[in-house]
Amino acid sequence: MKHWLVKSEPEAYSWATFVQEDGTAWTGVRNYQARNNLNLMEPGDLVLFYHSVSEKAVVGIAEVAATATPDATAEVGSPWVAVALRPVQPLPQPVSLAQLKADVRLSELALLRQSRLSVLPVRPEEFDAVLALATK
DNA sequence: GCCAACGTTGGC
DNA sequence: GCCAACGTTGGC
């Protein structure tokens, strides 16, 4: 099983909406590196849900419900894909960007190294470290 | 509001 | 193929 992190501006699509809808197709990704990551996702992979811009915190855990399929919001024949995500559980406490940056276990976190990428891989030990911060 | 990082576009 | 111009993202 692999681990990932996806970003969303809460004003555009929030964790609360995601839970309310009991999951969604993760559409709208228009970056090749992010798309490549989407293509690597498999059902059961766990995904950290990060609120960018206004909140800057990991707020929940999602899981991949279905592998990548053509993004219905993109032109037919385009290279863009979407995966189905569904909520697993909110974090007991959000983990802020500042907390992530302050933790030595997360010094290699892709989110911190490539802040603009919206779909990022997370190492298992990094995933665990984030969960530990969420329950501290 | 500003700016750094970075991707894309288009002229040459 | 290079690079300047430009647009977008996201942190501060």
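Below, chains carry the letters A, B, ... as their sequence lines are ordered, and counting in each starts from 1.
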Using the side-chain heavy atoms of [X], tell me which of these nucleotides is nearest: [options].
{"X": "A/N31", "options": "C/dG10, B/dC6, B/dG7", "value": "B/dG7"}
{"X": "A/E9", "options": "C/dT8, C/dG10, C/dG11", "value": "C/dG10"}
{"X": "A/K101", "options": "C/dG10, C/dG11, B/dC6", "value": "C/dG11"}
{"X": "A/Y32", "options": "B/dT8, C/dC12, B/dG7", "value": "B/dT8"}
{"X": "A/V53", "options": "C/dG10, C/dC12, B/dG7", "value": "C/dG10"}

Exercise for review: Test A/R105 against A/E125 for salt bridge (Lys or Arg N to Asp or Glu O under 4.0 Å), laying out the working first.
Suggested key: CA-CA 8 Å; A/R105 293 171 294 178; A/E125 61 271 23; over 6 Å; no

Starting at atom [atom1] of [X], determine the distance to atom [atom2] of [N], rounded to an integer number of angstrom.
{"X": "A/E55", "N": "C/dG11", "atom1": "CD", "atom2": "P", "result": "11 Å"}
{"X": "A/Q33", "N": "B/dC6", "atom1": "CD", "atom2": "P", "result": "10 Å"}
{"X": "A/E11", "N": "C/dT9", "atom1": "CD", "atom2": "P", "result": "14 Å"}
{"X": "A/R113", "N": "B/dC6", "atom1": "CZ", "atom2": "P", "result": "12 Å"}
{"X": "A/L97", "N": "C/dG11", "atom1": "CG", "atom2": "P", "result": "6 Å"}
{"X": "A/H51", "N": "C/dT9", "atom1": "NE2", "atom2": "P", "result": "17 Å"}
{"X": "A/L100", "N": "C/dG10", "atom1": "CG", "atom2": "P", "result": "15 Å"}
{"X": "A/Y50", "N": "C/dG10", "atom1": "OH", "atom2": "C1'", "result": "8 Å"}

Practice item. Kindly assign one of parallel, tilted or perpendicular to the pair A/H3 and A/F127, based on the angle between their ring planes and the thresholds 30° and 60°. Key: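 Taking A/F127 first and then A/H3, their aromatic rings sit tilted (interplane angle of 30° to 60°).
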
Point to revise | Value rounded to 0.5 Å, distance of CG in A/L111 from CG in A/L106 | key: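 Between A/L111 CG and A/L106 CG, I get 9.5 Å after rounding to 0.5 Å.
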
Exercise for review: May I ask you to check whether A/S78 and A/R30 show a side-chain donor-acceptor distance below 3.5 Å?
Suggested key: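 Side-chain D/A pair, A/S78 to A/R30: absent.
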
Review point. Any chance the rings of A/Y32 and A/W80 have centres within less than 6.0 Å?
Key: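 Judged by ring-centre distance (under 6.0 Å), A/Y32 and A/W80 do meet the cut-off.
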
Check your understanding: Can you check whether A/K56 has a side-chain N or O nearer than 4.0 Å to OP1 or OP2 of C/dG10?
Key ->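 Answer no for this pair, as no side-chain N or O of A/K56 is under 4.0 Å from OP1 or OP2.
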
Exercise for review: Please work out if A/L117 contacts a base, only the sugar-phosphate, or nothing of the nucleic acid, heavy-atom cut-off 4.0 Å.
Suggested key: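 Here A/L117 touches no strand at all.
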
